[in-house]
J.: 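Take this structure first; my questions come after.
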Amino acid sequence: MIIIIIASFFPISECQNYGSLNSGDRKVTYTTRGYNCDSGIGPGWFRFEGSAGTRMPTSCPPTDRCNTYGTGWMNGGHPTVADGQVNRTACFHAHSNCCYFSTNIKVRNCGSYYVYYLSGTAYTCNLRYCGTD
């Protein structure tokens with residue numbers, strides 16, 4: 001009970017301070033192939049919102065989506081609020097392999113939305129974190 005009271009006085013930092021990923025071409029339903037990449041993103045906390053969708057997909061999307069070749073998705077389910085911050089793997093679908101490239105990320109459920117701790121995609125410039133509804 002004390003933890004709940006303390007938590008209400010001290011908001012979780014990443015749920016208050018995050019970057020917004022909101023462009024419509026970041027959504028997995030965006031089918032025009034481009035060469036956008038997230039090599040320069042983060043490290044930091046980000047939220048999918050607006051036209052980009054509300055969260056990262058948790059199943060392998062096709063390649064050539066969200067305006068890139070290697071479409072990014074999260075391998076593993078989204079956490080509950082009670083789970084706190086969890087570790088997950090972000091996979092990038094390329095060359096007929098759903099997880100041809102991968103990187104470690106962190107995820108937190110902030111109640112009505114999720115935030116993701118993302119770093120740049122170091123392998124190549126055709127990889128991008130994608131969003132969905």
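Starting from 1, each residue takes its place in the sequence as its number. Scope of the values below: all heavy atoms of this structure, side chains included, with no hydrogens, waters or symmetry mates.
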J.: State, to 0.1 Å, how close A90 and M56 come at their nearest heavy-atom pair, and which atoms those are.
T.: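 Shortest heavy-atom contact: CB-CE, 4.4 Å.
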J.: Quick one: closest heavy-atom pair of C99 and N97, and the distance?
T.: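 What the structure gives for the nearest pair is N-OD1, 2.8 Å.
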J.: If I take atom CD from residue Q85 and atom SG from residue C15, how far apart are they, to the nearest 0.5 angstrom?
T.: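 Here the interatomic distance stands at 10.0 Å.
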J.: For the side chain of H93 and the backbone of T71, is there at least one donor-acceptor N/O pair under 3.5 Å apart?
T.: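 Checked: no pair found.
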J.: Answer with yes or no whether the hydrophobic clustering places W73 together with F101; edges join I, L, V, M, F, W, Y residues whose side-chain heavy atoms lie under 4.5 Å apart.
T.: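 Per the 4.5 Å side-chain linkage, W73 and F101 are not co-clustered.
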J.: Give, for atom CG of N67 and atom OG1 of T31, the distance between the pair rounded to the nearest 0.5 Å.
T.: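 Between N67 CG and T31 OG1, I get 10.0 Å after rounding to 0.5 Å.
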J.: Please answer: with hydrophobic residues joined when any side-chain heavy atoms are less than 4.5 Å apart, are M74 and Y114 in the same cluster?
T.: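 Yes.
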J.: What I'd like to find out is whether the side chain of I41 reaches to under 4.5 Å of the side chain of L21, using heavy atoms alone.
T.: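 Result yes, sub-4.5 Å side-chain heavy-atom pair found.
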J.: Under 3.5 Å, side chain of Y113 to main-chain N/O of R55, donor-acceptor pair present?
T.: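 No.
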J.: SG of C66 to SG of C130, below 2.5 Å?
T.: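 In this structure, C66 and C130 share a disulfide.
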J.: Side-chain heavy atoms under 4.5 angstrom apart, residues restricted to Ile, Leu, Val, Met, Phe, Trp, Tyr: same cluster for V115 and F48?
T.: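 V115 and F48: separate clusters.
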J.: Answer whether the closest heavy-atom distance between the side chains of F92 and T103 falls below 4.5 Å.
T.: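 A side-chain contact under 4.5 Å exists here.
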J.: Using every non-hydrogen atom in the two residues, find where S39 and T121 come nearest and quote the distance to one decimal.
T.: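 Shortest heavy-atom separation between S39 and T121 comes out as N-OG1, 3.2 Å.
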J.: Please report the interatomic distance OG1(T32) to CG(D25), rounded to the nearest 0.5 Å.
T.: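 It comes to 9.0 Å.
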J.: Examine distances only and state if a side-chain atom of T68 and a backbone atom of C37 form a donor-acceptor pair shorter than 3.5 Å.
T.: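 Checking the backbone N and O of C37 against the side chain of T68, no donor-acceptor pair under 3.5 Å is found.
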J.: Out of the candidates N36, T132, D38, only one should pair with R26 under the side chain to side chain donor-acceptor pair (under 3.5 Å) rule; please name it.
T.: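 Of all the options given, the one that passes is D38.
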J.: Any link between W45 and I12 through a network of hydrophobic side chains (Ile, Leu, Val, Met, Phe, Trp, Tyr) touching at under 4.5 Å?
T.: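 Different hydrophobic clusters.
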J.: Keeping to residues at least two apart or across chains, list the salt bridge (charged side-chain N to carboxylate O under 4.0 Å, His left out) pairs with something in residues 64-92.
T.: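 Matches after skipping sequence neighbours: R33-D64.
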J.: Considering only the SG atoms, does C98 lie under 2.5 Å from C60?
T.: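 Disulfide present: SG-SG distance under 2.5 Å.
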J.: Tell me if the centroids of the rings in H95 and Y69 come within less than 6.0 Å of each other.
T.: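 Yes, close enough.
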J.: So, for P57 and V28, which heavy atoms are closest and what is the spacing to 0.1 Å?
T.: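 The pair with the smallest heavy-atom distance is CG-CG1, 3.9 Å.
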J.: Roughly how far apart are F46 CZ and E14 CD, rounded to 0.5 Å?
T.: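 F46 atom CZ to E14 atom CD measures 13.5 Å (nearest 0.5 Å).
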J.: Could you report the tightest heavy-atom contact between P79 and G84, atom names first, then the distance?
T.: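 Scanning both residues completely, I find the closest heavy atoms to be CB-O, 4.1 Å.
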J.: Checking Y18 against R47: is there a side-chain donor and acceptor pair closer than 3.5 Å?
T.: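 Y18 and R47 do have a side-chain donor-acceptor pair below 3.5 Å.
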J.: I'd like to check T89 versus I105 (side-chain heavy atoms, cut-off strictly below 4.5 Å). Are they in contact?
T.: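 SC-SC contact between T89 and I105 ruled out.
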